[in-house]
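FYI, side chains are in, hydrogens and waters are out, and symmetry mates aren't considered; it's all heavy atoms of this structure. Start at 1 with the first residue, then count along the sequence.
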Amino acid sequence: MSPVPPPVLPDGVDPAWLPPEVFRPLGRRRTLIRGEDPLVGTVHGEVAAACARFGGEVARGAGSGSYDLVFELADAPDLGDEGFAYTRDGATTTVTATGGRGLLYGLFHVVRLGEEAFGAERPREAHRPALALRILDHWDNVAVHPVMGQVERGYAGGSLFWRDGEARGETERVRAYGRLLAACGINALTVNNVNVHATEARLLTDRIGEVAALADALRPYGVRTHLSVTFAAPVVLGGLPTADPLDEGVRRWWAAAVARVYEAIADFGGFVVKADSEGQPGPFTYGRSHADGANMLAAALAPHGGTVRWRAFVYDHRQDWRDRSTDRARAAHDHFAPLDGQFAANAVLQVKHGPMDFQVREPVSPVLGAMPRTRLALEAQATQEYTGQQRHVCWLGPMWSEVLRFRPDAEDGGPAVGDLAGGLVAVSNAGDDPFWTGHPLAQANLYTVGRLGWRPDADPHDLLDEWIRLTFTPEESADPGRLRGGLRAVLDGSWRTYEKYTAPLGVGFMVQPGHHYGPSVDGYEYSPWGTYHFADRDGVGVDRTAATGTGYAAQYAKPWAELYESVRTCPDELLLFFHHVPYGHVLHSGTTVIQHIYDTHFAGVAEVEEARRVWASLADLVTPARHARATERYEEQLRGAREWRDQVNSYFFRKSGVPDARGRHIH
């Protein structure tokens, strides 16, 4: 198998966590590669490029003499299709895998270890991903949408795949993206928006060749291509009078369409579907269930080894804001928990990590603990729709880790979400920006979500250190210790900082309608979207208790239901998600709700000011382009944090009439 050379980045594009220098320890050694597989060619190409740069040698096959590093394919049942074994015996480091994808992941493991890979002896270590599905969903539109643009909820420029209705055809950039994803453990991506419009629908049929070209570019790095499809495709594309999932003509249409997809893309991964949600068509039109809809697509995909991911983001977006009994948070559990056990084996229910919509603080969705007989995938949002839109630093690793470690059945411990879910899906935060994610520091979110998909129980702070160590190499800086300490300081607590100056105590939203950037405390309060905080002169929060509220708290297993039901035991950070309380209610922290609002909003701004100062102090240690871009974003973050502080504090001061106990100026 011939070596596959690494992609050549376009001029000015940031190498992110794969700068050439991280290959130096590997590239100056003698390496032997054994085995035949297309992805072994990718490993060979990576090693050969590193050796050409740093003076090492690479050989294929039997080889002769001694080697510092050996990559080889061998039968190892404990490793599965993607795992690898790593050993250091004497003067030789050996990476073994059953398949080429495992060997590729083993290569990037050696890159992460750096010189440590060639140090002390280490017994055999088996590494395999905990989650089989580790996917990025791109919300990219082929045609520019009049409201959402080229990328819906995209904050890093245009699409990597599409421009103005056409495929971009920038193969090297797409290959480079696949390389970055493989290096952090992501094994699949969806190339178009879950909101499938007329142009995007045709990717399934007459434009499948454009999807195949993307699949060809991603395949050398083990990244399988998926497609978002509209449930109404038989009507929209096939001219059928119905899309009823139990109609034989509809089922035949889907079977034929899927067969044509696999003719074009033999290793196609499958579909993701948003149905009966926010105006998207679905099985409810025909009196059918979500299981009926998902299973119809699963049946079409099954002969080819494909998977359908069916999103559980289903709720009434035409609510009456005066009706406090209707609760958007309840919807996913109400719709899907009764269907447990009815989904096909190759159907995966894709569940948002919280019950609402990727807020800065939500409880873990009860659906994740309510469907033991259904394949589940956890959906997270790397793109920072509600967490600063990549203009604010908000590293989300700790949030995702909390969700993955959450144990839905707390009474006897029980499995964590990371054990119950068979996949981790993240909405991508990447685009055609030179820094991939708009804000250079937002790359940390993309890297972390990939690594958590491989190891959901990993300490996210260790993964942050990995990203820093790879991205900001010692060769780039005269003082790597100060650089890494500064980066850790500005990223480590950034999620909680963002929470402090935005929505308090789990209340959620309070954003500008539509684009969702910046504060508008009552922005959705009287809308049909079901995202309310119910603030009045006496108090704030949503009563979701079983006793007096919407009953949402009762959707959890008994220990959590009891914890959330009582205002005395509900955690402070989720109080206003579960309870409507007076402004004078005393939190577990000892302060009142209203004083907490004031204090945290002032503290959040102060923390952004300090982070901006620390970043400015690193100017001599960071490449000028990176530093300038992040400096520009910090100025906007500070402006935004002050705006949030002033609007939220003023709103609640005027509602409550309670002054700040510290005497600070509130407008």
Note to self: Looking at Leu227, is its backbone amide N or carbonyl O close enough to the side chain of Thr190 to form a donor-acceptor pair, meaning the two atoms are under 3.5 Å apart?
What the structure shows: no
Notebook entry, point to check: Does the separation of the ring centres of Trp560 and Phe406 fall below 6.0 angstrom?
Noted result: yes
Item checked: Exercise: identify the closest heavy-atom pair between Gly508 and Ala503 -> N-CB, 3.9 Å
Check: Hey, does the side chain of Asp543 reach the backbone of His580 with a donor-acceptor pair shorter than 3.5 angstrom?
Finding: no
Margin query: Under the rule for salt bridge (Lys or Arg N to Asp or Glu O under 4.0 Å), what residues qualify as partners of Asp316, not counting sequence neighbours?
Written below: none
Next item on the list: For Thr242 and Asp244, test the side chains for any donor-to-acceptor distance below 3.5 angstrom and give the result as yes or no.
Entry: no
Notebook entry, point to check: For Glu170, which residues count as a salt bridge (Lys or Arg N to Asp or Glu O under 4.0 Å) partner, sequence neighbours excluded?
Noted result: Arg163, Arg168
Next item on the list: Specify the closest pair of heavy atoms between Cys570 and Tyr564, including all atoms of both residues, with the distance to one decimal.
Entry: CB-O, 4.1 Å
Item checked: Under 3.5 Å: donor-acceptor pair, side chain of Asp419, backbone of Pro415 -> no
Output side-chain donor-acceptor pairs under 3.5 Å for residues 209-218, partner residues at least two apart or in another chain, one line each.
from	atom 1	to	atom 2	distance (Å)
Glu210	OE1	Arg207	NH2	2.8
Glu210	OE2	Arg207	NE	2.6
Glu210	OE2	Arg207	NH2	3.4
Asp216	OD1	Arg219	NH1	2.8

Next item on the list: Start with the C-alpha distance between Val223 and Thr225, add both sets of side-chain angles, then the distance that settles side chain to side chain contact (heavy atoms under 4.5 Å, CB included), and finish with yes or no.
Entry: CA-CA 7 Å; Val223 178; Thr225 301; 5.9 Å; no
Next item on the list: Return yes if some donor-acceptor pair links the side-chain N/O of Asp432 with the main-chain N/O of Gly158 below 3.5 Å, else return no.
Entry: yes
Next item on the list: Write down the atom of Tyr498, the atom of Gly388, and the distance for their closest heavy-atom approach.
Entry: OH-N, 3.2 Å
Notebook entry, point to check: Is there a ring-ring contact (aromatic ring centres under 6.0 Å, His included) between Phe161 and His138 once you walk through the steps?
Noted result: CA-CA 10 Å; Phe161 313 131; His138 274 257; 4.9 Å; yes
Next item on the list: Measure from the side-chain N and O atoms of Arg134 to the backbone N and O of Gly185, and report whether any donor-acceptor pair falls under 3.5 Å.
Entry: yes
Next item on the list: Could you tell me which residues satisfy side chain to side chain donor-acceptor pair (under 3.5 Å) with Trp495, sequence neighbours excluded, listed by chain and number?
Entry: none
Next item on the list: Check the angle between the aromatic planes of Tyr315 and His317 and answer parallel, tilted or perpendicular using the 30° and 60° thresholds.
Entry: perpendicular
Note to self: Does Arg318 form a salt bridge (Lys or Arg N to Asp or Glu O under 4.0 Å) with Glu278? I'd like the steps, not just the answer.
What the structure shows: CA-CA 9 Å; Arg318 297 184 177 89; Glu278 299 182 329; over 6 Å; no
Note to self: If only side-chain N and O atoms count, and only distance matters, is there a donor-acceptor pair under 3.5 Å linking Thr374 with Asp340?
What the structure shows: yes
Next item on the list: Establish, from distance only, whether the side-chain atoms of Gln384 and Gln389 form a donor-acceptor pair under 3.5 Å.
Entry: no
Margin query: I need the full list of salt bridge (Lys or Arg N to Asp or Glu O under 4.0 Å) pairs touching residues 521-530, with sequence neighbours left out, sorted by first then second residue.
Written below: none
Checklist line | Side-chain donor or acceptor of Asp276 paired with backbone N/O of Pro281 under 3.5 Å | finding: no
Checklist line | Partners meeting side chain to side chain donor-acceptor pair (under 3.5 Å) with Tyr552 (sequence neighbours left out) | finding: Tyr556
Next item on the list: Output yes when Asp357 and Lys352 qualify as a salt bridge under the 4.0 Å nitrogen-oxygen rule, no when they do not.
Entry: yes
Checklist line | N/O donor-acceptor pair under 3.5 Å between Arg375 side chain and Ala345 backbone | finding: yes
Checklist line | Donor-acceptor under 3.5 Å (Glu379 side chain, Arg311 main chain) | finding: no
Next item on the list: May I have the step-by-step check of side chain to side chain contact (heavy atoms under 4.5 Å, CB included) for Arg373 and Phe343, ending in yes or no?
Entry: CA-CA 9 Å; Arg373 296 177 296 160; Phe343 289 88; over 6 Å; no
Checklist line | Aromatic centroids of His392 and Tyr517 separated by under 6.0 Å | finding: yes
Checklist line | Residues in salt bridge (Lys or Arg N to Asp or Glu O under 4.0 Å) contact with Arg455, at least two apart in sequence or another chain | finding: Asp457
Check: Side-chain contact, heavy-atom cut-off 4.5 Å: Val196 with Val229?
Finding: no
Notebook entry, point to check: What closest approach, in Å, do Met356 and Gly530 show between heavy atoms, and which atom pair accounts for it?
Noted result: CE-O, 3.6 Å
Next item on the list: State yes or no: are the ring centers of Phe336 and His290 separated by less than 6.0 Å?
Entry: yes
Next item on the list: Verify the distance criterion only: is there a donor paired with an acceptor across the side chains of Thr307 and Asn346 at less than 3.5 Å?
Entry: no
Next item on the list: Answer yes when Arg544 and Asp327 have at least one side-chain N-carboxylate O distance shorter than 4.0 Å, and no when they do not.
Entry: yes
Notebook entry, point to check: In Å, rounded to the nearest 0.5 Å, how long is the span from CE of Met399 to CG of Leu404?
Noted result: 12.0 Å
Notebook entry, point to check: Do Thr387 and Gln359 come close enough that some side-chain heavy atom pair is under 4.5 Å?
Noted result: no
Note to self: Assess whether a salt bridge exists between Arg128 and Asp81, defined as any Lys/Arg side-chain N lying under 4.0 Å from an Asp/Glu carboxylate O.
What the structure shows: no
Item checked: Main-chain N/O of Ala143 paired to Glu200 side chain as donor or acceptor, under 3.5 Å -> yes
Margin query: With a 3.5 Å distance limit and no angle check, can you tell me whether Trp162 reaches the backbone of Val191 through a side-chain donor-acceptor pair?
Written below: yes
Next item on the list: Might you point out which heavy atoms bring Val314 and Ala331 nearest each other, and give the distance in Å?
Entry: O-CB, 3.2 Å
Next item on the list: Return yes if a side-chain donor-acceptor contact under 3.5 Å exists between Asp323 and Thr326, otherwise no.
Entry: yes
Note to self: According to salt bridge (Lys or Arg N to Asp or Glu O under 4.0 Å), does anything in residues 135-152 pair up with another residue at least two apart or in another chain? List the pairs.
What the structure shows: Asp137-Arg309
Note to self: For His516, give me all partners under side chain to side chain donor-acceptor pair (under 3.5 Å), at least two apart in sequence or on another chain.
What the structure shows: Glu385, Tyr386, Tyr524
Check: Can you check whether Trp400 and His353 have ring centres sitting under 6.0 Å from each other?
Finding: no
Margin query: Can a side-chain donor-acceptor contact be found between Ser428 and Tyr177 if the only test is distance below 3.5 angstrom?
Written below: yes
Check: Gln555 and Asp334: side-chain donor and acceptor closer than 3.5 Å?
Finding: yes
Item checked: Pair Ser527-Trp321, side chain to side chain donor-acceptor pair (under 3.5 Å): steps then yes or no -> CA-CA 6 Å; Ser527 78; Trp321 56 268; over 6 Å; no
Margin query: Using the ring centroid of each side chain, check whether His226 and Phe271 are separated by less than 6.0 Å.
Written below: no
Margin query: Just checking Trp454 against Tyr105, ring centres under 6.0 Å apart?
Written below: yes
Considering only distance and modelled atom types, tabulate donor-acceptor pairs under 3.5 Å from the side chains of residues 249-260, sequence neighbours left out.
from	atom 1	to	atom 2	distance (Å)
Arg251	NH1	Pro245	O	3.0

Note to self: Are Phe284 and Tyr286, when compared by the centres of their aromatic rings, separated by less than 6.0 Å?
What the structure shows: no
Check: Just by distance, with hydrogens left out, do Asn141 and Asn193 show a side-chain donor and acceptor under 3.5 Å apart?
Finding: yes
Note to self: Going by salt bridge (Lys or Arg N to Asp or Glu O under 4.0 Å), name the residues that satisfy it together with Glu402, two or more places apart in sequence or in a different chain.
What the structure shows: Arg361, Arg496
Item checked: Listed partners of Ser277 passing side chain to side chain donor-acceptor pair (under 3.5 Å), at least two apart -> none
